[in-house]
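Read the structure below first, then the notes.
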Amino acid sequence: MTSTSRDRDLRSQLETLTTEAFRPELADVDRLPTAEIARLMNAEDATVAGAVAEQVPAIAAAVDAVAERMARGGRLVYAGAGTAGRLGVLDASECPPTFNTDPARVVGLIAGGPDAMVTSVEGAEDSPELAEADLAALGLTPDDTVVGVSASGRTPYAVGAVTYARKQGALTVGLSCNRGSALAAAAEHGIEVVVGPEFLTGSTRLKAGTAQKLVLNMLSTITMIRLGKTYGNLMVDVRASNEKLRARSRRIVAQVTGAGDDAVERALAATDGEVKHAILVLLAGVDGPTAARLLDEADGHLRAALAAAGS
């Protein structure tokens with residue numbers, strides 16, 4: 001196929017995508033007062049949550065499947081290009097400090113590698129082979145999950161990632177913002193959040209990007225809840241890597257146990273700063289090593305460990 005025919009084929013594909021549609025009613029937006037432009041953008045953004053809500057059943061089904069595999073030691077891998085890839089890397093990078101996960105357990109892959117986080121890497125998103133190579137380097141297993149992320153739902157890197165992962169027996173999820181996408185069709189779990197045409201034609205870092213961020217938030221957060229990384233809505237697996245997080249750790253222990261400052265400090269000191277362990281020490285009246293054993297036997301679930309301790 002010649003470059004001209006490839007370009008014509010791509011343009012015809014883009015013309016069918018909701019995310020690429022032109023909004024004639026916004027053709028003079030550059031003439032409006034700044035406050036009016038801001039109001040219009042805000043009104044557009046307000047529609048995103050409703051579009052996500054329509055996909056809650058699909059999101060929940062994907063979460064249950066992901067959590068089942070991660071409980072067996074599997075990994076959660078995001079793969080995308082451009083904005084979609086950056087959002088995956090962002091979500092992955094926030095899991096260790098929030099849930100104390102090993103950085104290798106939730107991974108973000110972006111077409112073109114780390115440099116693509118801040119600069120465009122020419123042609124990277126057009127290569128399914130690049131996605132295969134990136135995933136092959138991880139040594140996928142059937143316990144892993146690969147989430148392809150693409151606003152258009154046609155990005156070759158994302159579709160290639162899901163296609164390759166499925167051949168390796170891994171669980172696959174396709175997150176896109178167009179209905180009937182190739183990405184959703186390639187995956188076992190398709191999530192299509194149709195947010196409609198963008199405020200700026202084709203600028204999918206806007207509503208589509210917001211929708212993708214909301215869904216990725218749900219995928220990782222609810223999965224971690226299912227894995228016992230929280231106690232209620234408290235981040236009891238938080239990694240206290242700075243003063244703010246150390247203060248949050250003390251506050252969480254106090255909230256759950258009702259203990260005073262001195263008792264909280266002693267419990268955290270006895271458990272190397274581990275919030276779950278400190279809560280067990282205070283509520284179950286056990287020492288640090290016993291708390292660690294109880295949590296290990298409960299697969300990290302604090303409620304189950306407390307029940308085993310009779311608390």
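Heavy-atom basis, side chains included; hydrogens, waters and symmetry copies ignored.
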Tabulate below the donor-acceptor pairs under 3.5 Å that side-chain atoms of residues 248-256 make, not counting sequence neighbours, or state none.
{"from": "S249", "atom 1": "OG", "to": "L245", "atom 2": "O", "distance (Å)": "2.9"}
{"from": "R250", "atom 1": "NE", "to": "E265", "atom 2": "OE2", "distance (Å)": "3.3"}

Considering only distance and modelled atom types, tabulate donor-acceptor pairs under 3.5 Å from the side chains of residues 101-116, sequence neighbours left out.
{"from": "T101", "atom 1": "OG1", "to": "C95", "atom 2": "O", "distance (Å)": "3.4"}
{"from": "D102", "atom 1": "OD1", "to": "A104", "atom 2": "N", "distance (Å)": "2.8"}
{"from": "R105", "atom 1": "NE", "to": "G74", "atom 2": "O", "distance (Å)": "3.0"}
{"from": "R105", "atom 1": "NH2", "to": "M70", "atom 2": "O", "distance (Å)": "2.8"}
{"from": "R105", "atom 1": "NH2", "to": "G74", "atom 2": "O", "distance (Å)": "2.9"}

Return all side-chain donor-acceptor pairs below 3.5 angstrom for residues 195-206, not counting sequence neighbours, or 'none' if the list is empty.
{"from": "E198", "atom 1": "OE1", "to": "K207", "atom 2": "N", "distance (Å)": "2.8"}
{"from": "E198", "atom 1": "OE2", "to": "K207", "atom 2": "N", "distance (Å)": "3.4"}
{"from": "E198", "atom 1": "OE2", "to": "A208", "atom 2": "N", "distance (Å)": "2.8"}

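Under the 4.5 Å side-chain contact rule for hydrophobic residues, M224 and V63 share a cluster. By the criterion of side-chain heavy atoms lying less than 4.5 angstrom apart, applied directly or through intervening Ile, Leu, Val, Met, Phe, Trp or Tyr residues, L171 is not grouped with L140; the two fall into different hydrophobic clusters. V159 and V146 fall into different hydrophobic clusters, where Ile, Leu, Val, Met, Phe, Trp and Tyr residues are linked whenever their side-chain heavy atoms come under 4.5 Å apart, directly or through other members. There is no path of hydrophobic side-chain contacts, each under 4.5 Å, that joins L17 to V194. Hydrophobic clustering of Ile, Leu, Val, Met, Phe, Trp and Tyr side chains at less than 4.5 Å, counting indirect connections, unites V238 with V264.
Taking both residues in full, the closest heavy atoms of T141 and R75 are given as N-NH2, 4.3 Å, listed atom of the first, atom of the second, then distance. Closest approach of T155 and S150 over heavy atoms only: OG1-OG, 2.8 Å. Among all heavy-atom pairs drawn from N178 and A151, the shortest one is ND2-O, 3.1 Å. Counting all heavy atoms, side chain and backbone alike, Q55 lies closest to I191 at OE1-CA, 3.7 Å. Contact between A170 and E188 at its shortest, heavy atoms only, is O-OE2, 3.3 Å. Contact between A79 and A161 at its shortest, heavy atoms only, is CB-CB, 3.7 Å.
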- Evaluate the criterion side chain to side chain contact (heavy atoms under 4.5 Å, CB included) for residue pair E20 and S152; output intermediate values, then yes/no. CA-CA 8 Å; E20 296 289 330; S152 68; 5.6 Å; no
For a side chain to side chain contact (heavy atoms under 4.5 Å, CB included) check, start with the C-alpha distance between E274 and N100, then their side-chain angles and the critical distance, and finish with the verdict. CA-CA 10 Å; E274 295 285 351; N100 202 18; 3.8 Å; yes
| message | Please evaluate residues R293 and V286 with respect to the criterion side chain to side chain contact (heavy atoms under 4.5 Å, CB included), reporting the C-alpha separation (whole Å), side-chain torsions for both, the decisive distance (0.1 Å), and the verdict. | response | CA-CA 10 Å; R293 176 180 59 79; V286 298; over 6 Å; no
Y231 and I279: CA distance, side-chain angles, deciding distance, side chain to side chain contact (heavy atoms under 4.5 Å, CB included) verdict:
CA-CA 11 Å; Y231 182 78; I279 291 170; 5.7 Å; no
- Might you work through the salt bridge (Lys or Arg N to Asp or Glu O under 4.0 Å) test for K276 and D237, ending with a clear yes or no? CA-CA 7 Å; K276 280 183 184 175; D237 256 336; 3.0 Å; yes
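Note: R69 CZ to T223 OG1 = 11.5 Å, rounded to the nearest 0.5 Å. To the nearest 0.5 Å, the span separating CD1 on I222 from CG on L227 amounts to 12.0 Å. Taken to the nearest 0.5 Å, the CD atom of E129 stands 12.0 Å off from the OH atom of Y157. Going from atom CG of L282 over to atom OG1 of T257 covers 5.0 Å, rounded to the nearest 0.5 Å. Here the CG atom belonging to L280 is positioned 5.0 Å from the CG atom belonging to L295, to the nearest 0.5 angstrom. To the nearest 0.5 Å, atoms CD1 (I225) and CE (M235) are separated by 11.0 Å.
The backbone N or O of L90 sits less than 3.5 Å from a side-chain atom of S93, completing a donor-acceptor pair. Looking only at distances, a side-chain donor or acceptor of T47 sits under 3.5 Å from a matching main-chain atom of E44.
In this structure, V215 and V149 have side chains that are not in contact, with every pair of non-hydrogen atoms separated by 4.5 Å or more.
Ion pairing of R23 with E25 is present here, as a side-chain N (NZ or NE/NH1/NH2) and a carboxylate O approach within less than 4.0 Å.
In the model, E192 has a side-chain atom that pairs as donor or acceptor with a side-chain atom of S181 under 3.5 Å. Using a 3.5 Å distance cut-off with no hydrogens or angles, the side chains of T290 and D287 do pair a donor with an acceptor.
Heavy atoms from other residues, nucleotides or ligands lying under 6.0 Å from CZ of R179 number 12 at most. Within a 6.0 Å radius of CG in D261, no more than 12 heavy atoms belonging to other residues, nucleotides or ligands are found.
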